[in-house]
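Chain identifiers are assigned alphabetically (A, B, ...) following the order of the sequence lines, protein sequences preceding nucleic acid strands; residue numbering begins at 1 within each chain. Everything numeric here is computed off the predicted structure, so don't read it as measured data. Every heavy atom of this structure was used, including side-chain atoms; hydrogens, water molecules and symmetry mates were not.
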Amino acid sequence: RKRRSGGRGPRGGVRWMPAIRPHQVAGLRVILQKELRNSDISQLGRIVLPKKESEAYLPILTSKDGRSLRMHDLLNAQLWTFKYRYWPNNKSRMYVLENTGDYVRTHNLRVGDFIMIYKDDDKNRFVLNLSSWLLSILVILARSR
DNA sequence: GCTACATGCATTCTT
DNA sequence: AGAATGCATGTAGCT
């Protein structure tokens, strides 16, 4: 299947099975996941977020200026500060996470990789994680030795 | 026909 | 001029 532009994101689950399944983490509730596209990993440093889940589980935005959002990196325990905002779009909204360039670069994210956002209800904070094709291969290679 | 969203692109800011 | 910003446009996939 191919998609040149537009269209809905992946719905109802993941298209490929990673070697590890980091979206299942004890104590964390999955809020959303996003399969990264070219524009998400470009130099623009912004990631489009799925509208339905954003509106359901991320903080309500009353202004398009949005707000700052902190997320704890599950891989390296780093604390990231992003800007969470929306753009007006066809009488609706497009939700965007900005200042994501460092995160994408740090983890070498590629097209087809996934990011996952969890809510840690106990500590009342958001947690960010990824599922990367490259990382999965490394895990497989490490296990085969 | 409608919606969500990937990306195009005009405008604004920075150097 | 080049980069960043913010909205507009085109369209895949639903319905």
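A/Glu35 places its CD atom 11 Å from the P atom of B/dT7, with the value rounded to the nearest Å. Distance, A/Trp87 CH2 to C/dG10 C1': 15 Å, rounded to whole Å. Residue A/Lys91 contributes atom NZ, which lies 14 Å from atom C1' of C/dC7 at whole-angstrom precision. With rounding to whole Å, A/Lys51 atom NZ is found 19 Å from C/dG13 atom P. Between the CG atom of A/Leu61 and the P atom of C/dG6 there is a distance of 14 Å, rounded to whole Å. Rounded to a whole Å, the OH atom of A/Tyr86 is 9 Å from the P atom of C/dC7. Distance, A/Leu44 CG to B/dA6 C1': 12 Å, rounded to whole Å. Going from atom CE of A/Met94 over to atom C1' of C/dT5 covers 14 Å, rounded to whole Å.
For the pair A/Asp40 and A/Ile47, the tightest heavy-atom approach, listed with the atom from each and the gap, is OD1-CA, 3.4 Å. Considering all non-hydrogen atoms of both residues, A/Ser131 and A/Met116 come closest at N-CE, 3.4 Å. In terms of heavy atoms, A/Lys83 sits closest to A/Asn99 at CB-ND2, 3.8 Å.
Counting atom types as modelled, A/Asn89 pairs a side-chain N or O with a base atom of C/dT9 as donor and acceptor under 3.5 Å. The base of B/dC2 is not paired with the side chain of A/Asn90 by any donor and acceptor separated by under 3.5 Å.
Here the nucleotide nearest the side chain of A/Ser39, chosen from C/dG6, B/dA6, B/dC5, is B/dA6. Listed nucleotides C/dT5, B/dC5, B/dT7 differ in distance to A/Arg46; the shortest reach to its side chain belongs to C/dT5.
Taking the nucleotide of DNA chain C with the nearest heavy atom to each of A/Gln43 and A/Lys64, the more 5' of the two is matched to A/Gln43.
A/Arg93 comes within 4.0 angstrom of nothing in the nucleic acid, heavy atoms only.
Clustering ILVMFWY residues whenever any of their side-chain heavy atoms sit less than 4.5 angstrom apart, transitively, puts A/Leu58 in a cluster other than the one holding A/Val96.
Neither side chain, A/Asp113 nor A/His107, offers a donor N or O lying under 3.5 Å from an acceptor on the other.
Taking 4.0 angstrom as the limit, A/Lys34 places a side-chain polar atom (N or O) nearer than this to OP1 or OP2 of B/dA6.
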